[in-house]
2 protein chains.
Amino acid sequence: MSQEGVGVNLETSLGYLLKEASSALRTAMEEVLRPLGMSVTHYSCLELLAQRPGLSNSELARGAFVTRQTMNVLLQALERDGYVTRPAEAPVGKVLPTRLTASGRRSLQKASAAVRSVEARMLADLTATERSDAFRILQSMIHSLHGDNEPA
Amino acid sequence: MSQEGVGVNLETSLGYLLKEASSALRTAMEEVLRPLGMSVTHYSCLELLAQRPGLSNSELARGAFVTRQTMNVLLQALERDGYVTRPAEAPVGKVLPTRLTASGRRSLQKASAAVRSVEARMLADLTATERSDAFRILQSMIHSLHGDNEPA
DNA sequence: CAACGTATGTCAGAATGCTGACATGAGTCA
DNA sequence: TGACTCATGTCAGCATTCTGACATACGTTG
């Protein structure tokens, strides 16, 4: 298990570290959500709907960082299992606003508490300053990656 | 778009922001690697081998944050296409040390340059201090998520 | 030495997410 | 009005990754 060697910029790469942190977060979330019979995307969808009722399939997809096709499959399962409802007819255009049912809200409560505890554990050793630094830095990274600063 | 926060407030959640940043990074990497006919995991594997020659399948899997089964599938493809080599017999135990071929090294060069440019873009608006802050903070998050501080 | 726990490589099947494609509805512009 | 562009919902097929399982090899412990 020696990792000596050749320059290893994996050890100093912020990109690699970001991926590692994200992977650790996802694994930790999966661990606490599995006993509740819920996947991370599953949870993300319900959480989005709790905070922004009436989101469409495409909006949910963007919020959960998956394609709208993937979200569509998930929504059909959630609808079949009674966690969300969508009108049979679109009130306007083709957009179907989705809402949580009482069952969905109940199911989300436990999951949300579990996820909050994971996030709290992640931030346990960070000061308030470090947390706000992290917030600002991550936002800058996202902004730059999206190319929002290329004017021409 | 009102966000009444009963659960995890997505607008202020560092977990959500971490996922967003990681997603943006992955998308940006996919964009530059696609013209080279290479996926992110594909690239990760080659980069790991370049920096730590002789890694085993399981070690590569841990380094790329996938299961060893997934990495095994990838390695078989890379071996078939002549990018890596593994001995037919394990020198010791069952561990098969993997190495890049000349072709694999060539293929990696372009990909590595492309990925470096993505990482540079991600960090473009950050000062040196912010970068070292990010490094330390991400490491703390990873450490805490892995539960390395729960002694009992 | 024998038993046990752990780590590895690998095969098979299932779950998950993606790309491609199509039809539909809304907005824009001439 | 008609043509064009764009976003949406959805179906189908494919790719990727995962979980489950098994045999094998090493280290430790009795």
Side-chain angles (χ1 to χ4, degrees), chain A residues 1-2 19 22-24 26-31 33-35 37-46 48-49 54-81 84-99, chain B residues 19 22-24 26-31 33-35 37-46 48-49 54-81 84-99:
Chain A
M1 294 287 190
S2 65
K19 185 175 176 182
S22 177
S23 169
R26 165 167 280 265
T27 299
M29 286 177 66
E30 281 168 351
E31 277 171 8
L33 289 175
R34 186 184 311 270
M38 207 179 290
S39 75
V40 173
T41 309
H42 188 133
Y43 158 75
S44 300
C45 179
L46 296 186
L48 280 162
L49 284 174
L55 283 190
S56 72
N57 175 38
S58 289
E59 291 169 323
L60 286 167
R62 282 190 290 270
F65 312 111
V66 296
T67 63
R68 67 186 195 278
Q69 293 92 330
T70 296
M71 183 55 71
N72 188 40
V73 171
L74 175 61
L75 273 186
Q76 286 174 357
L78 291 178
E79 196 171 13
R80 166 175 48 78
D81 297 343
V84 307
T85 53
R86 285 191 290 182
E89 293 280 318
V92 53
K94 298 187 66 177
V95 178
L96 294 174
T98 311
R99 293 184 174 275
Chain B
K19 184 174 177 182
S22 177
S23 170
R26 165 167 282 264
T27 299
M29 286 177 67
E30 282 169 351
E31 277 172 9
L33 289 175
R34 186 183 312 267
M38 207 178 291
S39 75
V40 173
T41 310
H42 187 134
Y43 157 76
S44 300
C45 180
L46 296 185
L48 280 162
L49 284 174
L55 282 190
S56 71
N57 174 39
S58 289
E59 291 169 323
L60 285 167
R62 282 190 291 267
F65 311 111
V66 296
T67 62
R68 69 186 195 278
Q69 292 92 331
T70 296
M71 183 55 72
N72 188 42
V73 171
L74 175 60
L75 273 186
Q76 286 175 357
L78 290 178
E79 196 172 13
R80 166 174 50 78
D81 297 342
V84 306
T85 53
R86 285 190 292 182
E89 293 281 317
V92 54
K94 299 187 66 177
V95 178
L96 295 175
T98 312
R99 291 184 175 277

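So you know, we letter chains A, B, ... as the sequences are listed, proteins then strands, and number each from 1. Computed from a prediction, not measured in an experiment: that's the story for all the values here.
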(request) Take the protein atom NZ of A:K94 and the nucleotide atom P of D:dT10, then report the distance between them rounded to whole Å. (result) 8 Å

(message) Distance check needed: C:dG20 C1' versus A:R68 CZ, whole Å only.
(response) 11 Å

Protein-nucleotides 16-19 of chain C N/O pairs under 3.5 Å:
| residue | atom | partner | partner atom | Å |
| --- | --- | --- | --- | --- |
| C:dG17 | OP1 | A:T41 | OG1 | 2.6 |
| C:dC18 | OP2 | A:T67 | N | 3.0 |
| C:dC18 | OP2 | A:T67 | OG1 | 3.3 |
| C:dC18 | OP2 | A:T70 | OG1 | 2.8 |

(message) Measure CD/A:E59 against C1'/D:dG9 and give the value in whole Å, please.
(response) 13 Å

(request) Using a cut-off of strictly less than 4.0 Å, decide whether B:R86 has a side-chain nitrogen or oxygen near OP1 or OP2 of C:dT10. (result) yes

(request) Calculate the interatomic distance between A:L75 atom CG and D:dG9 atom C1'; express it in whole Å. (result) 11 Å

(request) Tell me whether the OP1 or OP2 atom of D:dT8 has a side-chain N or O from A:N57 closer than 4.0 Å. (result) no

(message) From C-beta outward on B:N72, which listed nucleotide comes closest to its side chain: D:dG9, C:dT10, C:dT8?
(response) C:dT10

(request) Side-chain contact test, heavy atoms from C-beta onward, threshold under 4.5 Å: evaluate it for A:V73 versus A:Q69 and give yes or no. (result) no

(request) Flag the pair A:L49 / A:L55 as yes when at least one side-chain heavy-atom distance between them is below 4.5 Å, and no otherwise. (result) yes

(request) Would you kindly give the NE2-to-P distance between A:H42 and C:dA15, to the nearest whole Å? (result) 15 Å

(request) For residues B:E79 and B:T85, report the shortest heavy-atom separation together with the two atoms involved. (result) OE2-C, 4.4 Å

(request) Report the distance from atom CE of A:M38 to atom C1' of C:dA15, rounded to the nearest whole Å. (result) 17 Å

(message) Within the 4.5 Å heavy-atom criterion, are B:S44 and B:V40 side-chain neighbours or not?
(response) yes

(request) Can you tell me the distance, in whole Å, between the CZ atom of B:R62 and the P atom of C:dG9? (result) 9 Å

(request) Indicate yes or no: at least one non-hydrogen side-chain atom of B:R68 is less than 4.5 angstrom from one of B:N72. (result) no

(message) So, does A:Q76 get its side chain near the phosphate of D:dG9, meaning an N or O under 4.0 Å from OP1 or OP2?
(response) no

(request) With the side chain counted from C-beta on, respond yes when A:R86 and A:Q76 share a heavy-atom pair under 4.5 Å apart, and no when they do not. (result) yes

(request) Rounded off to whole Å, could you give me the CG-to-C1' distance for the A:L60 and D:dA7 pair? (result) 15 Å

(request) Could you check if a side-chain atom of A:M38 sits within less than 4.5 angstrom of a side-chain atom of A:L46, using non-hydrogen atoms only? (result) yes

